[in-house]
Asks: 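The following block contains the structure, expressed as C-alpha cells.
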Protein chains: 2
Amino acid sequence: MDSTDDAPASAAPGLQARKKLAAMHRIQEAALDLFEERGFDDVAIEEVAAAAEVSPRTVYRYFGSKETLVIWDEEDEPAVSPLAPQFAAEDPVGALREAMRAGFAALGPADLRLMRRRVALVYRHPGIEAALILHAYEKSRRIAAAVAPDADRALEVQVFAHACVGAVLGAMRHWCLSEFARPPYEFVDRALTLLEHGFTAPDRKRAHP
Amino acid sequence: MDSTDDAPASAAPGLQARKKLAAMHRIQEAALDLFEERGFDDVAIEEVAAAAEVSPRTVYRYFGSKETLVIWDEEDEPAVSPLAPQFAAEDPVGALREAMRAGFAALGPADLRLMRRRVALVYRHPGIEAALILHAYEKSRRIAAAVAPDADRALEVQVFAHACVGAVLGAMRHWCLSEFARPPYEFVDRALTLLEHGFTAPDRKRAHP
DNA sequence: TCCCAATAAGGCAGCCACTGTCAAAAGGCA
DNA sequence: TGCCTTTTGACAGTGGCTGCCTTATTGGGA
C-alpha cells in the first residue's frame, strides 16, 4: 500500500504524512513541556493530548506508549537500512563513528536543543531509559541481522552491536551528566575509541599516562 | 505450609526473611507456570497470587512489578559488592569471565532449569527484556561507580560496564536461541573474548568469503 | 502465661496506561 | 456533488500499580 509511494516517492512524503508528522512534533513538544514542568509520572496522557489539541486516542495511535513521547526521533526511522552496508566494511567502529559525526553535524541548534531536553528526561526516569535501551537494542539487532545473516557469526555480531549501543548510550549519559557542557560527539568519540582498543586492561589508561 | 525451615538461620538471614524468601520462590514458580502456559500478557497478577496462595498486594510488595516476577534471581542481590574489587584488577574481562564461570558452576540442575525458564520468557516478551536490560545496566553502573569514583575515567568505565552487559545479555540470548543446546558458559566465553580483542575489524574472523 | 508494641499481610478504593470497537469526519476521485 | 477510503474521536473496559487502613502474626517483657 503505502510502501511503494507514487511518483515522487523519495522526496515527497505525501500530504497526510506531513500533517501527521507535524501533529507528532506538536504532541511531543507539548509532552516535553509538561514533563519538564511537573515530572513524567505526574502528567497524564490526557493532559498531553489536551495541550496538543488532539484526542488521547490519537496520541496512542501515533506513539504507542508514554515513553515513546520522549524517545521518539523523526530522524531515527529511515536511518536503519542505509547503515547496514557500512558495518560490513573493514572498520565497523569507524563507520559508526562517521555516521554519528555526520548525524550530529546535520543537527541545527533547534534539533540539538530538542535532543538535550529528551536526553535529560531519559536519564531522569528509569522507565524511559529502559524503553530507549530496548529500542536501541532492537535496532542494533536489525542491523546486525542484515550484516551477518549466517548463524555462526550471529553471536559475535550481536555482541558487537550491543557494545556499540552501550557505548553510545554511555556517551549520551555522560553528555547529560556534564550538563551538556561539551559537544556530544566528543563523548561518543571517546566511547567508540574504547571499543576499538578492546578491554584487555583499561586500567593502563589511568590518570598518569 | 511447607515452612519446614525451623532450623536457626546459620548465616543470620533471620526467621521472617526466610519465610519471605520461601514465599517469593513459591510465587515465582507459580508465575512461571502460568506465563509459560498462557503467555505473559494473558495472566493477571491476581491469578498468580491465587495460585501461590497469597494476596495480590503481597505479590506487589515483594516484587514491585510483573516483570520482576520473571527476572528476579535470589543470587543476584548480594553479588554486587564483592564483585567490585575484582574489576579494579589488571584484567577486568578475565575477572568477569571467572565470576560467570564460577556462578554457572555453582548452579545445580534445578537452578539451571529455572534459569532456562526465565531466560526463555525474557526473550519472548520485549517488556520483560527491557526490565532485565535496565536492571543489568543499573547494576553495572553501581559496580562501575565503585571501581572508578573519579569523574574523568567515569565514561570509560561505564562504557566498559555497558559493553559487558551487552556481551552477557547477547550470550544469554543466543543460549536461548540455540534452545539451550550447549552450556551457557560457552556463549558467555565467546562473547567476552570478543570484548577483549576489540572491534577494530571483526570481519576478519569471517568463515570464508 | 498473658499482654502489648511492632511488623507484616490482606482488603479496599482509586488512578491511569493502554486497547478494541464503532461511529463521525476529513480527504481524494469520478 | 456523491461515493469511497482513511483518519480521528468518543466510549467502555482491562489490568498494572499504589495509598490507606484494618487485621493477623510475631517477638519481648512483666
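Not measured: the values here are computed from a predicted model.
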Asks: Nearest whole Å is fine: how far is D/dA24 C1' from B/Lys19 NZ?
Replies: 11 Å
Asks: Pull out every residue in residues 52-66 of chain A that has a heavy atom closer than 4.0 Å to any atom of DNA chain C, ordered by number, or say none.
Replies: A/Arg57, A/Tyr60, A/Gly64, A/Ser65, A/Lys66
Asks: Keeping B/Gln28 on the side-chain end and B/Trp72 on the backbone end, is there a donor-acceptor pair under 3.5 Å?
Replies: yes
Asks: Quick check, are the ring centers of B/His125 and B/Phe40 under 6.0 angstrom apart?
Replies: yes
Asks: Quickly work out the A/Arg26 CZ to D/dT8 P distance and round it to whole Å.
Replies: 11 Å
Asks: Using a 3.5 Å distance criterion without hydrogens, assess whether the side chain of A/Glu98 forms a donor-acceptor pair with backbone atoms of A/Ala95.
Replies: no
Asks: In whole Å, what is the span from the NE2 atom of B/His125 to the C1' atom of D/dG16?
Replies: 12 Å
Asks: Below 4.0 Å from chain A heavy atoms, what is the first contacting nucleotide of DNA chain C and what is the last?
Replies: C/dA17 to C/dG28
Asks: Quick check: closest heavy atoms across A/Leu169 and A/Tyr123, and the distance to 0.1 Å?
Replies: O-OH, 3.0 Å
Asks: Select base, sugar-phosphate, or nothing to describe what B/Val48 touches, counting heavy atoms under 4.0 Å on all strands.
Replies: nothing
Asks: Does any part of the side chain of A/Tyr62, heavy atoms only, come nearer than 4.5 Å to the side chain of A/Val54, both counted from C-beta?
Replies: no
Asks: Do the side chains of B/Lys66 and B/Asp41 get close enough for a salt bridge, i.e. N-O under 4.0 angstrom?
Replies: no
Asks: If the plane angle is over 60° it's perpendicular, under 30° parallel, otherwise tilted; pick one for A/Phe104 and A/Trp175.
Replies: perpendicular
Asks: Over how many whole Å does the gap from A/Asp41 atom CG to D/dG19 atom C1' extend?
Replies: 15 Å
Asks: Determine, for A/Glu29 against A/Arg26, whether the closest basic-nitrogen to carboxylate-oxygen distance falls under 4.0 angstrom.
Replies: no
